[in-house]
Amino acid sequence: MKPAPFDYRAVGSPQEAVSALAERPGEARVLAGGQSLVLEMNYRRERPKLLVDINGISELERIEEEGGVLWVGALVRHRDFEEPVSADPLGRLLSRVSRYIGHPPIRTRGTMAGSLAYAHPVAEWPAVAVALDAGIELLGPDGPRAVSAGDFFLRPFATACRPGEMITGVRLPLLGENSGVGFAEQRRTQASFALVAAVATLTVEDGTITAARIGLAGVAGRPIRAREAEEYLLGSPLSAEAFAEAGRRAVRETDPLPEPHAGVAYRRHAVGVLAGRALEQAAADLEGRA
Ligand SMILES: Cc1cc2nc3c(=O)[nH]c(=O)nc-3n(C[C@H](O)[C@H](O)[C@H](O)COP(=O)(O)OP(=O)(O)OC[C@H]3O[C@@H](n4cnc5c(N)ncnc54)[C@H](O)[C@@H]3O)c2cc1C
């Protein structure tokens, strides 16, 4: 199908984008990579009256590392992460995860910020953002504001980004040298969306775990953190038994929605296995075995 008629405006700065969005309150959409929006428009599930094309805003293509944070501009594409963008373990995590998103043409156009704004419940970047407690930077008619990833995702395809606002960047905390990272996902084919995915990071001092982060996708209407499993790991050595037990605890924190390709019981089982695997991978990464 073809999209419903719409107006198009290319803008050159975030301020210009916000002014353009304000011209059609609630009826304008930001166009970033277009890899989800154009599809939604072709199915006519989205019928924006105005597309505000932000692809000409070169300042949003930047990635910067400063003060313990990696700042990712709203036009950084999935593919830009394929080679690590930071020497911090975070660079390896983003690189690993990016390769699971769709296939190369999707990764070449699609953006991290667009994926966060779209808020697909099994998308990879939202799970990473929640696991890392990322900050989502927004700009709107009332100026800039930031929302933590834990508060950003409300339910499938719904976020705290208000009509008239746009994401300008994402702040991801660096993990530090004593950290390892892991990612595991179950999907039907190599280019399919995940059925379930798990992100894990571990930080270790003197042989024991001092910080653990587990982000899960596909087990609730929005990405979640497995807090009980994370707490269980604190003070533990890196051990396969501890990771398996953390996986079992993560299952208790899930509430999957029914989905045609993978039932609730299947996804609850899968997430326990995948969380355990992501933790194993994080341990191997820490020990230089990954
Ligand atoms: C065949 C196929 C396979 C895919 N597989 C996967 C997959 O495995 N994993 C995955 O995560 N994704 C997958 N995707 C989706 C892909 O990752 C998209 O790139 C992503 O969801 C949206 O990013 P985008 O930059 O293309 O955004 P767009 O399509 O341009 O926009 C998507 C939505 O976000 C809004 N938006 C975009 N940028 C901003 C911004 N800066 N501020 C405010 N709102 C904004 C738009 O208005 C729109 O509502 C797939 C897509 C296709 C077509």
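In each ligand, atom 1 is the first atom listed, and ligand 1 is the first ligand listed.
- Near A123, with a cut-off below 4.0 Å to any heavy atom, the atoms of ligand 1 are 11 (O).
- Ranking protein heavy atoms by distance to atom 21 (O) of ligand 1, first place goes to S36 OG, 2.8 Å.
- With Y118, F193, F157 as candidates, the residue nearest to atom 6 (C) of ligand 1 on a non-hydrogen basis is F193.
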Report the C-alpha distance between E137 and W71 in whole Å, list the side-chain angles of each, state the deciding distance to 0.1 Å, and finish with yes or no for side chain to side chain donor-acceptor pair (under 3.5 Å). CA-CA 10 Å; E137 295 185 342; W71 184 84; 2.8 Å; yes

Side chain to side chain donor-acceptor pair (under 3.5 Å) for E40 and Y118? Distances and angles first, verdict last. CA-CA 11 Å; E40 295 287 350; Y118 187 52; 2.4 Å; yes

Salt bridge (Lys or Arg N to Asp or Glu O under 4.0 Å) for D7 and R24? Distances and angles first, verdict last. CA-CA 10 Å; D7 291 333; R24 301 280 186 98; 2.6 Å; yes

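- Taking only nitrogen or oxygen atoms, main chain and side chain alike, A74 does not reach within less than 3.5 Å of ligand 1.
- In terms of protein heavy-atom proximity, atom 38 (N) of ligand 1 is closest to A32 CB, 3.4 Å.
- Interface atoms of ligand 1 facing Y100, defined by a heavy-atom separation under 4.0 Å, are 8 (O).
- Taking a cutoff of 4.0 Å between a charged side-chain nitrogen and a carboxylate oxygen, E231 and R227 do not qualify as a salt bridge.
- For ligand 1, one of its N or O atoms has an N or O atom of Q35 under 3.5 Å away.
- For atom 27 (O) of ligand 1, the nearest non-hydrogen atom from the set A127, P48, G114 comes from G114.
- In this structure, E230 pairs ionically with R225, as a charged nitrogen and a carboxylate oxygen lie closer than 4.0 Å.
- In terms of protein heavy-atom proximity, atom 8 (O) of ligand 1 is nearest to G102 N, 3.0 Å.
- In the vicinity of M166, heavy-atom distances shorter than 4.0 Å reach the ligand 1 atoms 42 (N), 43 (C).
- Proximity of H78 to ligand 1 is established by a heavy-atom distance of less than 4.0 Å.
- For the pair E280 and R277, the salt-bridge criterion is not met [side-chain N within less than 4.0 Å of a carboxylate O].
- Residue I101 touches ligand 1 through backbone and side chain together, judged by heavy-atom distances below 4.0 Å.
- Annotation: atom 1 (C) of ligand 1 to nearest protein heavy atom, I106 CD1, 3.8 Å.
- Contact check on D285 versus R92 returns a salt bridge, with a Lys/Arg side-chain nitrogen under 4.0 Å from an Asp/Glu carboxylate oxygen.
- Of the N or O atoms in L37, one or more lie within a sub-3.5 Å distance of an N or O in ligand 1.
- The shortest N or O to N or O distance between L31 and ligand 1 is not under 3.5 Å.
- Side-chain contact between E82 and R99: present, with at least one pair of heavy atoms (C-beta onward) separated by less than 4.5 Å.
- Each of the following atoms of ligand 1 lies closer than 4.0 Å to a heavy atom of S192: 8 (O).
- Annotation: C161 places no N or O atom under 3.5 Å from an N or O atom of ligand 1; distance criterion only.
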Stepwise, does the side chain to side chain donor-acceptor pair (under 3.5 Å) test hold for Q186 with Y266? CA-CA 11 Å; Q186 180 73 358; Y266 171 81; 3.0 Å; yes

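- Close N/O approach between I167 and ligand 1 is found [any backbone or side-chain N/O within under 3.5 Å].
- The backbone N or O of F183 lies less than 3.5 Å from a partner atom in the side chain of Q281, making a donor-acceptor pair.
- Of the N or O atoms in H103, none lie within a sub-3.5 Å distance of an N or O in ligand 1.
- Near G33, the atoms of ligand 1 lying under 4.0 angstrom from a non-hydrogen atom of the residue are 24 (P), 25 (O), 26 (O), 27 (O), 30 (O).
- Using a distance-only test at 3.5 Å, with no hydrogens or angles considered, a donor-acceptor pair links the side chain of T210 to the main chain of T203.
- Between T111 and ligand 1, at least one pair of N/O atoms sits closer than 3.5 Å.
- Looking at A194 next to ligand 1, no N or O pair under 3.5 Å apart turns up.
- The number of heavy-atom neighbours closer than 6.0 Å to CZ of R171, taken from other residues, nucleotides and ligands shown, is 12 or below.
- The single protein non-hydrogen atom nearest to atom 47 (O) of ligand 1 is V30 O, 2.6 Å, given as residue, atom name and distance.
- Of all protein heavy atoms, the one lying nearest to atom 28 (P) of ligand 1 is G34 N, 3.4 Å.
- N55 places a side-chain N or O within donor-acceptor distance of the main-chain N or O of A32, the cut-off being under 3.5 Å.
- Less than 4.0 angstrom separates some heavy atom of A117 from each of these atoms of ligand 1: 34 (O), 35 (C), 36 (N), 44 (N), 45 (C).
- Regarding atom 9 (N) of ligand 1, its nearest protein heavy-atom neighbour is E124 OE1, 2.7 Å.
- Electrostatic pairing of E16 and R9 does not count as a salt bridge here, judged by no charged N lying under 4.0 Å from a carboxylate O.
- Salt bridge absent: D133 and R213 never bring a charged side-chain N and a carboxylate O closer than 4.0 Å.
- Backbone and side-chain nitrogen or oxygen atoms of I54 are examined, and none is located within less than 3.5 angstrom of a nitrogen or oxygen of ligand 1.
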